[in-house]
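First up is the structure itself, then whatever we jot down about it.
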Amino acid sequence: MTGDQALRATPAPAARAAELDAADPLRAHREKFLTGPDDDVLAYLDGNSLGRPLAASAARLDDFVRTQWAGRLIRGWDEGWLDLPLHVGDRIGRTCLGAAAGQTVVGDSTTVLLYKLVRAAVDLRPGRDELVVDTDNFPTDRYVVEGVAAERGLTVRWVESDPAAGVEPADLAPAMSERTALVVLSHVAYRSGHLAPARELTRLVHDAGALVLWDLSHAVASVPVELDAWEVDLAVGCTYKYLNGGPGAPAFAYVAARHLDAFRQPVQGWLGRADPFAMAAGYTPAPGIRRVLSGTPPVLSMLALQDMLDLLEEVGMPAVRTKSALLTAFAADLAREQLAPLGVVLASPADPARRGAHLTLEHPAFRALTPRLWAQGVIPDFRSPQGLRLGLSPLSTSFAEVATGVAAVRDLLAEQA
Ligand SMILES: *Cc1c(COP(=O)(O)O)cnc(C)c1O
């Protein structure tokens with residue numbers, strides 16, 4: 001088999017992909033994303049780890065450096081830079097989170113915001129000594145919870161769930177009690193893509209008098225989220241995944257308005273203080289969501305995600321979700337037809353309504369196969385021990401890319417069998 005043939009999808013899936021692409025009402029938006037100078041990527045299937053850049057972001061970054069940074073210099077801080085974390089936070093809240101203004105802020109990494117919010121949550125529930133987290137949650141979430149528990153003399157109560165699915169009410173209920181202070185869960189599981197029933201789980205946590213913190217890293221801008229309507233307490237999430245903020249773009253935090261007055265986070269920095277430029281003695285938290293901040297905001301790193309917010313505002317989350325479900329359904333169909341006969345197993349919920357925008361396939365050969373896929377320009381990612389994760393960023397991924405990617409996996413598996 002020549003390399004060319006190996007990369008081409010079999011006629012039927014390629015034709016189906018072409019039909020789906022032609023019928024995709026969002027297809028024109030794909031051209032707004034940049035490809036590299038040598039354009040060696042045939043199928044980018046990792047937009048859930050790092051979204052592609054929008055062309056508008058290249059222009060925005062260049063313009064910012066030349067006009068704002070070079071032109072305004074130190075004056076820029078008073079002309080909007082200092083408020084950018086709140087301004088961009090409100091836009092994320094409005095466009096993607098169902099969050100009214102004044103509750104979302106952009107700041108540190110997801111890990112650091114998790115730490116700040118978990119610590120703050122413990123103090124909002126005095127007398128309760130258990131933190132609940134699931135064994136299959138993203139590593140950083142587990143480590144932060146373990147770290148805060150050690151620091152504060154609390155107990156971690158672990159929830160077990162089906163790794164090919166995720167936490168459901170029946171998994172969480174036995175862990176809840178009058179000792180529970182906080183429950184940390186992911187809305188879309190990083191491995192399986194399981195979409196947690198967030199409203200129901202939040203209610204379960206509240207029935208026990210505890211608080212919930214949702215990690216939205218794989219959910220924001222891929223599935224509709226309604227933090228205010230679900231009465232969520234706290235949330236964090238990435239902006240470099242489906243918000244296309246670029247490598248190292250800062251995370252966001254949400255604190256429900258009803259908790260803000262009592263909310264105290266442990267990294268007491270000058271820019272989270274009331275009236276920071278008074279340079280006064282002692283720390284008094286700033287009013288409102290600004291108190292989540294600590295130091296100087298990463299202004300350059302908040303630029304690109306604003307272009308994705310422009311696009312998401314134009315398109316709307318319901319249309320994004322509709323295309324996303326079609327993409328994962330197409331990928332799951334092709335995997336069943338072409339990969340299951342070679343021993344590949346779907347390690348994600350079978351129902352598109354129960355999953356986010358990515359799928360995980362499992363096979364013992366995937367660890368060795370992943371670098372070979374990358375060398376061919378087919379880019380999923382590998383998750384130990386044997387998961388191949390296909391992340392289908394709804395606005396930048398075509399159905400043709402899905403067909404090309406699955407065909408490449410099939411050809412490499414068939415070759416080594
Ligand atoms: C990607 C991801 C993170 C990343 O945290 P960083 O501090 O940005 O490295 C955290 N939690 C979840 C669930 C993720 O998917």
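As the structure lists them, so they are numbered: ligands from 1, and atoms in each ligand from 1. Numbers for residues simply follow the sequence, beginning at 1.
- Under 4.0 Å from ligand 1, the heavy atoms of Asp141 that appear belong solely to its side chain.
- Which parts of ligand 1 touch Thr140 is read off a 4.0 Å heavy-atom cut-off, strictly below it: atoms 10 (C).
- Using a cutoff of 4.0 Å between basic side-chain nitrogens and carboxylate oxygens, Lys116 and Asp108 are scored as salt-bridged.
- If you number the atoms of ligand 1 from 1 as listed, the ones under 4.0 Å from a heavy atom of Ser109 come out as 7 (O).
- When all heavy atoms of Asn244 and Ala304 are compared, the closest pair comes out as O-CB, 3.9 Å.
- Annotation: atom 13 (C) of ligand 1 to nearest protein heavy atom, Asp215 OD2, 3.2 Å.
- Looking only at heavy atoms of the protein, atom 4 (C) of ligand 1 is closest to Tyr240 OH, 3.2 Å.
- Atom 3 (C) of ligand 1 has its closest protein heavy atom at Phe138 CE2, 3.4 Å.
- The existence of a salt bridge linking Arg389 and Asp381 is confirmed by a sub-4.0 Å separation between a basic side-chain nitrogen and an acidic carboxylate oxygen.
- How far OH of Tyr242 is from CE of Met308: 10.5 Å, rounded to the nearest 0.5 Å.
- At least one heavy atom of Cys238 sits less than 4.0 Å from an atom of ligand 1.
- Salt bridge annotation for Asp90-Arg94: absent, with no cationic side-chain nitrogen under 4.0 angstrom from a carboxylate oxygen.
- In terms of protein heavy-atom proximity, atom 14 (C) of ligand 1 is nearest to Lys241 NZ, 2.8 Å.
- The aromatic rings of Phe366 and His363 sit tilted, their planes meeting at an angle between 30° and 60°.
- The two atoms that bring Val315 and His29 nearest to each other are CG2-NE2, 3.5 Å, heavy atoms only.
- Closest to atom 7 (O) of ligand 1 among all protein heavy atoms lies Thr111 OG1, 2.6 Å.
- Atom 5 (O) of ligand 1 has as its closest protein heavy atom Thr110 CB, 3.4 Å.
- Every atom of ligand 1 is numbered from 1 in the order shown, and the set under 4.0 Å from a heavy atom of His218 is 15 (O).
- Residue Ser186 approaches ligand 1 through these ligand atoms, each under 4.0 Å from one of its heavy atoms: 13 (C).
- Here Arg291 does not pair with Asp261 in a salt bridge; the nearest charged N to carboxylate O distance is not below 4.0 Å.
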